[in-house]
Amino acid sequence: MLQQTQVDRVIPRYVQFLERFPNIETLAAAPRADVVRAWRGLGYNARAVRLAEFGREVQERFVRIPQETEALRSLPGVGPYTAAAIRVFAFELDDVAMDTNLRRVTHRLKFGIEYPPLASARTIDETARALLPRGNAHDFNSALMDLGATICTARAPKCLVCPLRDACAAAPISASVLDARKRRMRVAPPARFRSTTRFARGRIVDRLRALPPGAGISLLDLQRALDADVDAALLERVPALLSDLEADGIVQRRGEAYALSE
DNA sequence: AAGGCGGGGAT
DNA sequence: ATCCCAGCCTT
């Protein structure tokens with residue numbers, strides 16, 4: 001849930017999710033569509049599909065969630081960050097969970113303002129590892145993430161109250177300078193969000209999620225339901241979007257009707 | 001290496 | 001209005 005989604009918005013969903021799926025056995029036994037339904041409001045619905053698969057594969061291949069990086073990485077939805085996060089926060093092992101916060105904090109601390117980038121991802125990672133205190137990875141990761149989320153923020157960092165100010169290569173950062181450097185790097189202006197396929201996909205899945213379990217909806221009815229929210233140009237592309245969603249394992253076609261994939 | 005994938009809070 | 005978020009997977 002925390003992959004590209006802010007902590008404050010995850011917490012209530014996470015609590016609800018654990019009520020419905022309190023352990024890996026329950027998750028493994030649950031229909032995929034149940035997991036996708038429980039995911040409402042979180043976005044990036046493919047993560048729900050991967051989590052459902054994660055549950056099944058853990059039970060099938062490992063019984064319990066493994067601790068080794070290689071084994072974790074072999075599971076669906078588990079990349080470099082998530083594998084390290086499980087090791088650090090669930091198992092108290094020494095590792096670096098390099099998320100967007102740690103990346104930004106480390107860059108600023110050791111190399112200066114991150115626009116333009118002054119170090120490769122690999123170098124950033126090695127730099128953070130060199131700072132990791134043995135036996136205190138949980139505190140280390142937690143502290144730097146919180147620092148990044150509250151003080152060393154992406155937009156307007158609060159260097160004046162930062163405990164690392166004196167040791168920081170970037171401090172004090174002026175918000176306007178940060179903005180200017182960032183703008184200088186920008187290439188093409190992004191499209192209006194409501195006219196993106198991304199928006200339409202989200203509306204489609206949300207409509208299917210609202211269906212009674214087991215029920216489906218025809219293409220025509222679906223387009224009718226989306227008419228108020230989605231541009232006409234995008235409405236024509238709903239069939240293609242449904243195919244994409246089907247390929248992603250989110251949607252299932254049943255004859256002329258569409259539903260969440262079981 | 002680049003592009004796709006959501007939704008909502010913060011500024 | 002725009003930015004950004006405890007990334008991952010596919011091409």
Side-chain angles (χ1 to χ4, degrees), chain A residues 1-14 36 39-54 72-90 95-106 114-115 117 120-122 124-125 128 137-138 140-158 175-176 178-183 185-209 229-230 234 237 240-241 243-251:
Chain A
M1 287 180 181
L2 289 167
Q3 292 169 356
Q4 285 281 278
T5 304
Q6 274 139 325
V7 178
D8 289 344
R9 209 148 54 73
V10 162
I11 290 172
R13 300 288 178 179
Y14 176 68
V36 174
W39 206 260
R40 186 156 80 88
L42 281 172
Y44 286 142
N45 297 303
R47 293 182 302 176
V49 172
R50 294 185 197 122
L51 182 54
E53 283 314 302
F54 174 91
L72 286 166
R73 285 296 313 273
S74 75
L75 290 161
V78 180
Y81 164 75
T82 303
I86 290 172
R87 288 167 55 76
V88 169
F89 297 123
D95 212 333
V96 173
M98 186 57 74
D99 76 325
T100 184
N101 289 304
L102 254 81
R103 197 148 29 236
R104 184 178 57 252
V105 170
T106 303
E114 67 274 28
Y115 303 109
S120 67
R122 174 130 168 71
I124 300 284
D125 195 75
H138 192 298
F140 175 81
N141 283 274
S142 188
L144 289 188
M145 281 183 191
D146 285 352
L147 187 75
T150 60
I151 293 174
C152 194
T153 54
R155 201 93 79 104
K158 304 168 181 59
S176 58
L178 193 60
D179 249 28
R181 291 229 210 164
K182 191 181 332 177
R183 259 196 312 278
M185 295 191 53
R186 206 172 56 194
V187 191
R192 288 188 165 288
F193 181 63
R194 296 191 92 77
S195 58
T196 59
T197 61
R198 200 147 160 164
F199 178 74
R201 273 179 58 116
R203 299 329 303 148
I204 291 171
V205 175
D206 210 41
R207 194 70 200 80
L208 297 182
R209 203 148 27 200
D229 302 333
V230 178
L234 234 33
R237 296 177 55 187
L241 295 178
S243 304
D244 292 344
L245 286 164
E246 204 174 344
D248 291 339
I250 298 169
V251 166

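Any value given below was found using the heavy atoms of this structure, including those in side chains, with hydrogens, waters and symmetry copies removed. Not measured: the values here are computed from a predicted model.
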Whole-angstrom distance between dC8(C) and dG8(B), as gauged at atom P
22 Å

Of dC8(C), dC5(C), dC5(B), the nucleotide closest to the side chain of Y44(A) is dC5(B)

R47(A) side-chain N/O to dG6(B) phosphate OP1/OP2 under 4.0 Å:
no

Below 4.0 Å: OP1/OP2 of dC5(C) and any side-chain N or O of T5(A)
no

Within this structure, what is the CG-to-C1' distance between N45(A) and dG4(B), rounded to whole angstrom?
14 Å

Roughly, in whole Å, what's the span from CZ in R9(A) to P in dC5(C)?
13 Å

Apply side-chain contact (heavy atoms from CB on, under 4.5 Å) to A97(A) and list each qualifying residue two or more places apart in sequence or on a separate chain.
Y81(A), A84(A), A85(A), N141(A), M145(A)

Over all atoms of both residues, closest heavy-atom pair of M98(A) and A128(A)
CE-CB, 3.5 Å

Under 4.0 Å, heavy atoms only, any strand: does T153(A) hit a base, just the sugar-phosphate, or nothing?
nothing

Side-chain N,O (T82(A)) to OP1/OP2 (dC8(C)) below 4.0 Å:
yes

Does Q3(A) have a side-chain nitrogen or oxygen under 4.0 Å from the phosphate oxygens OP1 or OP2 of dG7(C)?
no

Among the nucleotides dG7(B), dA10(B), dC5(B), which one has an atom lying closest to any side-chain atom of R155(A)?
dA10(B)

Nearest-Å distance for atom pair OH/P, residues Y81(A) and dC9(C)
14 Å

